[in-house]
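Here it is, the structure in full.
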Protein chains: 2
Amino acid sequence: MDDQQLRLNNQICFPIYSVSRLITKAYKPYLEEMGLTYPQYLLLLVLWERDELSINQIGEKLLLNTNTLSPLIKRMEKMNLLQRKRSKKDERSVFIQLTDKGKALKNTAAPIPEKLLNTLLTEDVTVTEIMLLKDTLNKWSDILLEKQHSKD
Amino acid sequence: MDDQQLRLNNQICFPIYSVSRLITKAYKPYLEEMGLTYPQYLLLLVLWERDELSINQIGEKLLLNTNTLSPLIKRMEKMNLLQRKRSKKDERSVFIQLTDKGKALKNTAAPIPEKLLNTLLTEDVTVTEIMLLKDTLNKWSDILLEKQHSKD
DNA sequence: CACGATTTAATTTTGCGCGATATAAAAAAA
DNA sequence: TTTTTTTATATCGCGCAAAATTAAATCGTG
């Protein structure tokens, strides 16, 4: 058995998993100010770029299925951030439209990217894990590219 | 307002979030064969490296708190993968010990890293997202390092 | 038109993450 | 020794993720 391969830091699973949670945590205080959760923020990012998408189109952008999006959207409708509008053409599809409140949040969100960078700088563990993940990904992408070419 | 900054692909949140989910999904078929979920597998990776850790020590390695670990460990105890043992020296601490069944799973898990690599090669979306995240992280780590130095 | 197949959305169920809080044991302070 | 604080774990509640199921609408073919 290859013990080395099974070590926590030699697999891609752990670094990506922990950094993902650490990044979510770093965003949290700014999102809480706005009354948003992390996935809600991601959905708004999509809608701020392009409004009036169907649930399916949103799913394509966020790589999420309706079973995740449906409840998420319902909660956000209750918060008066968006509206669902059933399509006249195809009664099965629902199009999502930002409310004025939802549109206005874009201004509040504008300084977040800059603020986040500063937050990360104060969190040593997070920066360390990001660097580890960076190295892991660079190593993995080399391996992936090499394997891809050897198949041609 | 800086529209560019708020675009989905220019923030670190989305790439890390989606790749994390894609990687979890790639592991899933192999873990299902073993009857494990993703976090359960991570916990086993830790215990295969070093058995008899306290819940606290496990939390440090996985960057998880007891509010996540406690129920996780209880489920795995029911599956007969591990045992909890309250320390005699310090009655507050609970030490986790693999059962024979838990130890044996290590052999089943051994080929997973190799298999995963091949799985990733067949999933274009995942590889694309990994490459995007790699670029994003390389850019971010440059920015982080530069900012760190300018503070000294 | 009829009817089965397909597509799409919603619902249900299970298992995390994590903030807030609780509880009990151990250590430190008074 | 008593009180206070700290530490280790557990519990609760909410919000995702995602598989499986259900329901509704549309399409394809005869």
Side-chain angles (χ1 to χ4, degrees), chain A residues 13-14 16-29 31-33 35-44 53-60 62-79 81 84-96, chain B residues 13-14 16-29 31-44 53-60 62-79 81-82 84-96:
Chain A
C13 54
F14 175 62
I16 189 79
Y17 162 85
S18 52
V19 169
S20 179
R21 283 188 302 104
L22 288 168
I23 295 287
T24 306
K25 210 178 284 183
Y27 272 94
K28 179 153 280 188
L31 300 185
E32 253 171 8
E33 272 179 32
L36 296 174
T37 67
Y38 194 69
Q40 286 169 2
Y41 174 63
L42 292 178
L43 174 51
L44 284 179
L53 293 170
S54 73
I55 294 183
N56 223 32
Q57 290 171 319
I58 293 170
E60 276 172 28
L62 292 179
L63 305 177
L64 286 172
N65 292 334
T66 59
N67 48 12
T68 300
L69 283 176
S70 260
L72 183 69
I73 287 170
K74 276 193 178 174
R75 273 187 287 272
M76 291 175 77
E77 192 179 30
K78 272 190 189 164
M79 296 159 73
L81 294 173
R84 307 128 125 313
K85 286 203 172 171
R86 203 160 278 276
S87 166
K88 288 269 162 65
K89 272 194 175 175
D90 183 344
E91 291 262 336
R92 291 168 305 178
S93 41
V94 175
F95 279 75
I96 306 303
Chain B
C13 51
F14 176 62
I16 189 79
Y17 163 84
S18 52
V19 169
S20 178
R21 287 189 4 264
L22 288 168
I23 295 287
T24 306
K25 206 180 285 182
Y27 272 94
K28 178 149 280 187
L31 300 185
E32 254 171 7
E33 271 178 33
M34 303 167 64
L36 296 175
T37 66
Y38 194 69
Q40 286 168 3
Y41 173 63
L42 291 178
L43 175 50
L44 285 179
L53 292 171
S54 74
I55 293 182
N56 222 29
Q57 291 170 317
I58 293 170
E60 276 170 28
L62 293 179
L63 305 178
L64 285 172
N65 290 102
T66 58
N67 48 11
T68 300
L69 282 176
S70 261
L72 184 69
I73 286 171
K74 278 195 175 172
R75 274 187 288 271
M76 291 174 77
E77 193 178 29
K78 272 190 189 166
M79 295 160 71
L81 294 172
L82 49 80
R84 308 124 126 311
K85 287 204 171 167
R86 202 161 279 275
S87 164
K88 288 267 162 65
K89 271 194 175 176
D90 184 342
E91 293 259 335
R92 292 170 304 178
S93 326
V94 176
F95 280 76
I96 306 303

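Values below: all heavy atoms of this structure, side chains included; hydrogens, waters and symmetry mates excluded. Nothing here was measured: the structure is a model prediction, and the numbers come from that model. The chains referred to below are lettered A, B, ... by the order of the sequence lines, with proteins before strands, and numbering in each begins at 1.
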Can you classify the ring geometry of B/Tyr27 versus B/Tyr41 as parallel (below 30°), tilted (30 to 60°) or perpendicular (above 60°)?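 Because their plane-to-plane angle lies in the 30° to 60° range, the rings of B/Tyr27 and B/Tyr41 count as tilted.
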
Taking C-beta and beyond as the side chain, do A/Gln57 and A/Phe95 meet within less than 4.5 Å on heavy atoms?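 Yes, at least one pair of side-chain atoms sits under 4.5 Å.
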
So what does A/Leu72 hit on the nucleic acid, given a heavy-atom distance under 4.0 Å: a base, only sugar-phosphate, or nothing?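 Sugar-phosphate only.
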
Phosphate-side-chain proximity, A/Lys25 and C/dG17, N/O vs OP1/OP2 below 4.0 Å: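 No.
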
Reading nucleotides 20-29 of chain C from 5' to 3' and marking B where a protein heavy atom lies under 4.0 Å of the base, S where only the sugar-phosphate is that close, and - otherwise, the string is B----BS---

Have a look at A/Tyr17 and say if it touches a base, only the backbone sugar-phosphate, or nothing, with a 4.0 Å heavy-atom cut-off.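 A/Tyr17: backbone/sugar contact only, no base atoms under 4.0 Å.
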
Classify A/Thr37 by what it touches in the nucleic acid, base, sugar-phosphate, or nothing, heavy-atom distance under 4.0 Å.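 Contact class for A/Thr37: sugar-phosphate only.
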
Looking at the side chain of A/Arg75, which of D/dT9, D/dC16, D/dT11 is the nearest nucleotide?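 Selected nucleotide: D/dC16.
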
Base, sugar-phosphate, or nothing for A/Thr24, non-hydrogen atoms under 4.0 angstrom?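 Answer is nothing: A/Thr24 stays at 4.0 Å or more from every strand.
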
In whole Å, what is the span from the CG atom of A/Asn56 to the P atom of C/dA10?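 A/Asn56 atom CG is separated from C/dA10 atom P by 10 Å.
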
Over how many whole Å does the gap from B/Lys28 atom NZ to C/dC16 atom C1' extend?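 Going from NZ in B/Lys28 over to C1' in C/dC16 covers 11 Å.
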
Return the value, rounded to whole Å, for the distance between atom OH of A/Tyr38 and atom P of D/dA17.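 These atoms are roughly 10 Å apart.
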
Rounded interatomic separation in angstrom, taking CG from A/Leu31 and P from D/dG15: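 Computing the A/Leu31:CG to D/dG15:P distance gives 15 Å.
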
Output the rounded distance in Å from CD (B/Glu32) to P (D/dA19).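 Nearest whole value for this atom pair: 8 Å.
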
Whole angstroms only, please: what is the CG-C1' distance between A/Leu63 and D/dC16?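 After rounding, the reported distance stands at 16 Å.
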
B/Leu69 has an atom CG; how far is it from atom P of D/dA10, in whole Å?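 After rounding, the reported distance stands at 10 Å.
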
Figure out the CD/P separation between A/Gln40 and D/dA17, and round it to whole Å.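 Answer to the nearest Å: 10 Å.
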
Looking for any heavy atom pair under 4.0 Å, which part of the strands does A/Ile55 touch: base, sugar-phosphate only, or nothing?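 Counting heavy atoms under 4.0 Å across all strands, the contact made by A/Ile55 is with sugar-phosphate only.
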
